[in-house]
Amino acid sequence: MRHSIVSLLLNAATGHRRWPRMWRDPEPRPHYEAIVVGGGGHGLATAYYLAKAHGVRDVAVLEKGWIGGGNVGRNTTIIRSNYLLPGNVSFYEASLRHWEGLERELNFNAMVSQRGVLNLYHSDAQRDAIVRRGNAMRLHGVDAELLDAHEVRRIAPFLAMDDARFPIRGGLLQPRGGTVRHDAVAWGYARAADRLGVDVIQQCELLGFEIERGRVVGVRTSRGRIGARRIGLACAGHSSQVAALAGLTLPIETHVLQAFVSEGVKPLIPGVITFGAGHFYVSQSDKGGLVFGGDLDGYNSYAQRGNLPTVEDVCESGVAMIPAMSRLRLLRSWGGRMDMTMDGSPIIDRTPIEGLYLNAGWCYGGFKATPASGWCFAHLLATGESHALARAYRLDRFATGHLIDEKGQGAHPNRQ
Amino acid sequence: MRIPCPFCGLRGHEEFVVDGDATVTRPAPGRPDAPTAAVRFVYLRDNPAGWHREWWFHAFGCERWIVVERDTVTHAVGRVWSAGDPAPGEDR
Ligand SMILES: Cc1cc2nc3c(=O)[nH]c(=O)nc-3n(C[C@H](O)[C@H](O)[C@H](O)COP(=O)(O)OP(=O)(O)OC[C@H]3O[C@@H](n4cnc5c(N)ncnc54)[C@H](O)[C@@H]3O)c2cc1C
Ligand SMILES: [Zn+2]
């Protein structure tokens with residue numbers, strides 16, 4: 001059924017009990033032209049663009065759990081393209097352009113809300129860095145505005161502007177940044193891919209590869225053997241485990257990132273605001289809860305939960321930036337498994353095994369990348385060639401020295 | 001998560017700084033395959049889901065480096081020893 005105001009009214013009249021299934025629940029077939037492993041945002045987007053942009057419809061997405069159960073349904077929903085380095089700016093801006101047309105394209109309400117992303121600065125040195133970033137963005141046709149303290153105060157009067165140690169001097173605003181309802185992205189891509197003939201197969205875990213003379217010819221799964229000569233891995237926090245099944249070791253450590261939601265309050269935070277004096281970012285959901293997060297816990301973890309010292313640290317940063325937050329109660333918190341690469345940037349590339357392709361290393365910023373990542377990975381799977389937008393995201397850049405250290409955070413190879 | 005420091009006893013992990021994988025070893029510079037071995041040493045990680053050996057530094061305690069065996073799935077802490085010593089029961 002196509003979603004429209006008519007379908008909404010008809011289903012409202014029947015008490016919303018007659019909505020049809022959004023995607024089928026197919027049995028795996030013995031062979032596909034291409035298989036995507038991992039039914040998160042990136043895997044589902046890849047399958048959708050394979051079918052839509054490249055006409056490759058004989059595709060299966062294998063998901064060991066359920067659609068939306070991974071990071072795609074755990075992140076803090078921020079989208080933006082305020083990047084600095086070549087290789088990143090154009091990619092993330094292409095992703096933001098996809099977001100702007102995505103709901104029409106997928107016929108699905110993902111609540112894309114471009115209410116602005118504001119990065120605060122607190123010193124002359126930070127102002128210089130932010131001006132440089134803003135100029136790089138504008139040179140690439142990305143929107144960026146430098147705000148002084150007065151303009152910041154007008155947008156967000158509740159900020160601790162005159163803190164003695166970290167006064168807020170201004171900020172860099174990207175008006176087109178914002179938030180998107182994250183699980184609707186998984187559902188929207190799954191439904192749209194399914195309608196083009198893609199099999200979205202849940203509760204189907206990849207257990208091993210069939211490799212003949214250096215070429216992949218199929219996979220072993222918890223639901224039997226499936227043949228395919230083109231296989232794309234998009235397993236986020238489990239990339240190392242899945243790659244190890246093919247004998248590959250990746251430049252990745254899996255870490256835990258926590259997120260938090262407060263009790264609901266009246267509209268307070270106008271967009272997304274990030275602190276410059278600590279690692280903290282916050283937005284407000286349509287239900288009124290403040291959605292926020294900060295640093296990684298710092299140690300390797302697959303637990304999908306973190307520890308209390310990080311909770312304390314994040315909340316301290318929050319109260320330093322917005323003193324009124326001290327009056328709020330925390331409603332819930334959770335964690336996700338982040339595939340942290342050694343330079344903090346992703347990988348979309350071939351592997352040394354023919355027919356096996358890798359999409360990994362999205363760290364804690366991969367949600368905003370979902371459309372462009374799917375677009376570029378589908379191109380790689382369909383043509384065997386890297387897409388121009390993703391050419392910097394090579395697996396061998398750690399050996400050749402072409403690192404993309406946009407933020408220089410995460411794992412710490414430099415300390416060895 | 002609490003870590004039994006061999007010098008200070010059981011302490012909250014917030015007293016420590018974690019510094020990652022303690023299983024990788026720096027290749028000798030003279031080795032013929034030194035460049036590729038160095039890439040492996042600096043960048044590649046087994047990243048196990050389960051028991052893992054890590055460097056931790058007791059910054060707000062004795063200021064000593066220790067090795068901690070920790071389960072990355074459950075956060076259980078196992079054996080802990082001084083970074084200067086070989087693992088219990090293992091030769092250097
Ligand atoms: C707390 C938190 C906050 C974040 N905030 C933001 C943000 O504000 N903005 C932003 O841009 N990014 C954010 N991120 C990062 C973003 O969520 C991730 O980078 C991105 O979602 C990863 O891609 P994915 O959606 O494909 O991952 P996932 O949804 O994790 O998909 C991977 C899938 O692979 C499956 N899988 C794994 N192993 C196997 C196997 N053997 N067989 C079959 N399937 C398998 C998993 O079950 C999983 O469903 C955040 C992440 C977290 C945890
Ligand atoms: Zn100690």
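Computation of the quantities below employed the complete heavy-atom set of this structure, encompassing side-chain atoms and omitting hydrogens, waters and symmetry-equivalent molecules. Here is the naming used below: chain letters follow the sequence lines, and residue numbers restart at 1 for every chain.
Proximity to chain A is absent for every atom of B:Pro35, based on heavy atoms less than 4.5 angstrom apart. For A:Ile252, the parts lying under 4.5 angstrom from a heavy atom of chain B are both the backbone and the side chain. With a threshold of 4.5 angstrom between heavy atoms, A:Leu248 does not approach chain B through any atom at all. Of the two parts of A:Arg337, neither the backbone nor the side chain holds a non-hydrogen atom closer than 4.5 Å to a non-hydrogen atom of chain B.
The local environment of CZ in B:Phe60 is sparse, with at most 12 non-hydrogen atoms from other residues, nucleotides or ligands closer than 6.0 Å. In B:Arg11, the CZ atom is crowded: over 12 heavy atoms of neighbouring residues, nucleotides or ligands sit closer than 6.0 Å. Within a 6.0 Å sphere centred on CG of A:Leu308, heavy atoms belonging to other residues, nucleotides or ligands number 12 at most. No more than 12 heavy-atom neighbours from other residues, nucleotides or ligands sit within 6.0 angstrom of CH2 on A:Trp66.
Remark: the backbone N or O of A:Thr254 is paired with a side-chain donor or acceptor of B:Asn47 at under 3.5 angstrom.
When all heavy atoms of B:Ala49 and A:Gln241 are compared, the pair lying nearest together is N-NE2, 3.3 Å. Among all heavy-atom pairs drawn from B:Val39 and A:Ala399, the shortest one is CG2-CA, 3.9 Å.
Rounding to the nearest 0.5 Å gives a distance of 5.5 Å between CG of B:Asp46 and OG1 of A:Thr249. In this structure, the separation between OH on A:Tyr299 and NE2 on B:His52 is 14.0 Å, given to the nearest 0.5 Å. Rounding to the nearest 0.5 Å gives a distance of 11.5 Å between NE2 of B:His75 and OH of A:Tyr302. In this structure, NE2 in B:His13 is found 5.5 Å from OG1 in A:Thr310, a value given to the nearest 0.5 Å.
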Evaluate the criterion side-chain contact (heavy atoms from CB on, under 4.5 Å) for residue pair B:Tyr43 and A:Leu403; output intermediate values, then yes/no. CA-CA 11 Å; B:Tyr43 294 117; A:Leu403 304 192; 3.4 Å; yes
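With sequence neighbours left out, the side chain to side chain contact (heavy atoms under 4.5 Å, CB included) criterion links B:Pro27 to B:Arg31, B:Ala37, B:Ala38, B:Phe41.
Within residues 67-74 of chain B, the residues having any heavy atom closer than 4.5 Å to a heavy atom of chain A are B:Arg70, B:Thr72, B:Val73, B:Thr74, listed by residue number.
Ranked by heavy-atom pairs under 4.5 Å with chain A, the list B:Met1, B:Glu14, B:Glu54 is led by B:Met1.
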